[in-house]
Colleague: 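First, the structure itself, so that you have it in front of you.
Every value quoted in this text rests on a predicted model; they were computed, and no experiment measured them. Chain identifiers are assigned alphabetically (A, B, ...) following the order of the sequence lines, protein sequences preceding nucleic acid strands; residue numbering begins at 1 within each chain.
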Number of protein chains: 2
Amino acid sequence: MVRNGSAAGPETSRQQRRFLARKSAILDAALSLFSQSGLRGVSAEQIAEAADVSKTNLFYYFSSKEEIYVGVLKRLLSDWLAPLDALDPQADPIQAIGDYVRLKMEMSRADPHSSRLFCLEIVQGAPMIGDELRTSLKTLVDRKAAVIRRWSEDGKIAPVDPHHLIYAIWAMTQHYADFSAQIAAVSGRTLDDELFFREATENVLRVILGALSTDAGAKSPQGAA
Amino acid sequence: MVRNGSAAGPETSRQQRRFLARKSAILDAALSLFSQSGLRGVSAEQIAEAADVSKTNLFYYFSSKEEIYVGVLKRLLSDWLAPLDALDPQADPIQAIGDYVRLKMEMSRADPHSSRLFCLEIVQGAPMIGDELRTSLKTLVDRKAAVIRRWSEDGKIAPVDPHHLIYAIWAMTQHYADFSAQIAAVSGRTLDDELFFREATENVLRVILGALSTDAGAKSPQGAA
DNA sequence: GTCTATATCTCGATAGAC
DNA sequence: GTCTATCGAGATATAGAC
């Protein structure tokens, strides 16, 4: 949850805090731009304008456009991992996974820009954050997969592959943020529409929790390729 | 299924066919580049090199880089819509939807570049193909949603929202292509691994078909947000 | 810390010879 | 249809004054 550039310990001076706050504001402005047009599609001048600083001044705070881009991504990543990290092994499985799905849907609604920038980065092969994925993310996912596997073994949920279950949750919840342009074109609505948000959430919950119920999950799919 | 630039009627001359074949080859080369780096992240020179023509020559076949990009997308889109279009109202619902899921998974494996380029375009707000989404795609999806709704009303499958069901299928199947960098980082495997492909397909089938079975689908999810 | 001015470079696209 | 040469726009990043 620690945000790069805004985690100010008590020893930081007023100047340092001001400096860091300024950097953070620039990252905020850069996020929505990068999420819409990607690293190459955004100019330093556009970022400067959106952050209300001069272009020259922008390069006083960051030494390159790429550094801004990476800064945005790194900051995003810690927030990104938090919800899964919160998955509690002691909780009731259905409740815990349901809570996770609901939280992911809330995040897709509240911060679609972050979801889209993350998506852009991954689709392009994760050139900037591949290392973090192979270390932090992998460790976290493997740990939580073990929790889910235990739940399966204890008969609390149907036997499912934990990794594929997590991918399914990520895919469906993030889809509403990442593909909102397509959904808007087809359904004419987005998550900003409260009713649509509820329908979407209920559907994801039905699909995911349905796969976890101990009776339905037992039967295997017909004719798997 | 008609591919722009390669649909040569019998009346086209040898020269014309050669011309169109050349254009098609350029589009092929451009696809994998654009899918990895986006419109702005790829230079005309890179495309020329990949297509084994000179940069000057590239602009003999296409008047601008953007025209190439749109050409790739338009060609992709028709292939993209075909599987859903093939959903047969007369077929057994579980079989038909299962077949659709399996086909989408096959496509994610066989042509991940197309999936990723489509994803990039949509995430960025579909600036180039928004019109097609609001017309062709919307018409198609609405028509097939009606088919699925009819199946629900006839009691052949559980009552589900057809649009959200379609989004769920798209999300999960395309996720394996679009987020393969992340999946590779976490699971260490991709759809190229035959076993992993089968696990993934079975999991998606279990989740989707599970939500359609007439007994499990009846109960509503607990505590939807 | 913030500004004006500018060096430097890449890239899209074209001109014109062949 | 294909090449060499090049124009001009726009972008990153820096220099140096204040």
Colleague: Return the 5'-most residue of the pair A:R40, A:K55 with respect to DNA chain C, ranking by each residue's nearest nucleotide.
Modeller: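 Final value for this comparison: A:K55.
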
Colleague: Taking only the side-chain heavy atoms of A:N57 (C-beta and beyond), determine which of C:dC11, D:dT12, C:dG1 contains the nearest atom.
Modeller: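 Selected nucleotide (nearest to the side chain): C:dG1.
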
Colleague: Measure the distance from CD1 on A:I47 to C1' on D:dG10 and round it to the nearest whole Å.
Modeller: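 Atom CD1 in A:I47 sits about 15 Å away from atom C1' in D:dG10.
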
Colleague: Identify which nucleotide among C:dA13, D:dT14, C:dT2 has an atom closest to any side-chain atom of A:R22, counting heavy atoms from C-beta outward.
Modeller: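 Nearest listed nucleotide: C:dT2.
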
Colleague: Once you apply a heavy-atom cut-off of 4.0 Å, does B:S43 come out as touching a base, just sugar-phosphate, or nothing?
Modeller: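 Contact class for B:S43: sugar-phosphate only.
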
Colleague: Looking for any heavy atom pair under 4.0 Å, which part of the strands does B:Y61 touch: base, sugar-phosphate only, or nothing?
Modeller: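 Counting heavy atoms under 4.0 Å across all strands, the contact made by B:Y61 is with sugar-phosphate only.
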
Colleague: Do we get A:R189 above A:F196's six-membered ring, with its NZ or CZ under 6.0 Å from the centre and within 45° of the axis?
Modeller: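 Because its charged atom misses either the 6.0 Å distance or the 45° angle limit, A:R189 does not stack over A:F196.
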
Colleague: Quick test of your reading of the model: are A:R75 and A:D79 salt-bridged, counting only N-O distances below 4.0 Å?
Modeller: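 A salt bridge is absent here (no side-chain N lies under 4.0 Å from a carboxylate O).
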
Colleague: Figure out the OH/P separation between A:Y69 and D:dT12, and round it to whole Å.
Modeller: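 Between P of D:dT12 and OH of A:Y69: 15 Å.
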
Colleague: Does a side-chain N-to-carboxylate-O contact under 4.0 Å join B:R149 and B:D161?
Modeller: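 Between B:D161 and B:R149 there is no salt bridge, as every charged N stays at least 4.0 Å from the carboxylate O atoms.
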
Colleague: Check each of B:T201, B:N203, B:I208 against B:L205 using the side chain to side chain contact (heavy atoms under 4.5 Å, CB included) test, and report the only one that passes.
Modeller: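 The passing option is B:T201.
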
Colleague: Nearest of C:dG12, C:dT4, D:dT2 to any side-chain atom of B:R18?
Modeller: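 Among the listed nucleotides, the one closest to the side chain of B:R18 is D:dT2.
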
Colleague: Please tell me which of the listed nucleotides, C:dA13, D:dG1, C:dT4, lies nearest to the side chain of B:F19?
Modeller: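 Output: D:dG1.
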
Colleague: Quick one: A:L39 CG to D:dA11 P, roughly how many Å, whole number?
Modeller: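 Going from CG in A:L39 over to P in D:dA11 covers 14 Å.
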
Colleague: Give the rounded distance in Å between these two atoms: CZ of B:F62 and P of D:dG1.
Modeller: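 For the pair B:F62 CZ and D:dG1 P, the rounded distance is 14 Å.
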
Colleague: What is the distance, to the nearest angstrom, from the CZ atom on A:F59 to the P atom on C:dC3?
Modeller: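 Value for this atom pair: 14 Å.
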
Colleague: May I ask you to say what B:S54 touches in the nucleic acid, namely base, sugar-phosphate or nothing, with a heavy-atom cut-off under 4.0 Å?
Modeller: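 Sugar-phosphate, no base atom in range.
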
Colleague: From D:dT12, C:dG12, D:dG1, pick the nucleotide closest to the side chain of B:A44?
Modeller: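 My answer, after comparing the listed nucleotides, is C:dG12.
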
Colleague: CG of A:D52 versus C1' of C:dC3: gap in Å, rounded?
Modeller: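 About 15 Å, once rounded to whole Å.
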
Colleague: For the ring-ring contact (aromatic ring centres under 6.0 Å, His included) test, which of B:F34, B:W80, B:W170 pairs with B:F118?
Modeller: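 Exactly one option meets the ring-ring contact (aromatic ring centres under 6.0 Å, His included) with B:F118, and it is B:W80.
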
Colleague: Report the distance from atom OH of A:Y60 to atom P of C:dC3, rounded to the nearest whole Å.
Modeller: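 Rounded to whole Å, this separation is 13 Å.
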
Colleague: Can you tell me how far C1' of C:dA5 sits from CD of A:E45, to the nearest Å?
Modeller: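 Those two atoms, CD and C1', are 14 Å apart.
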
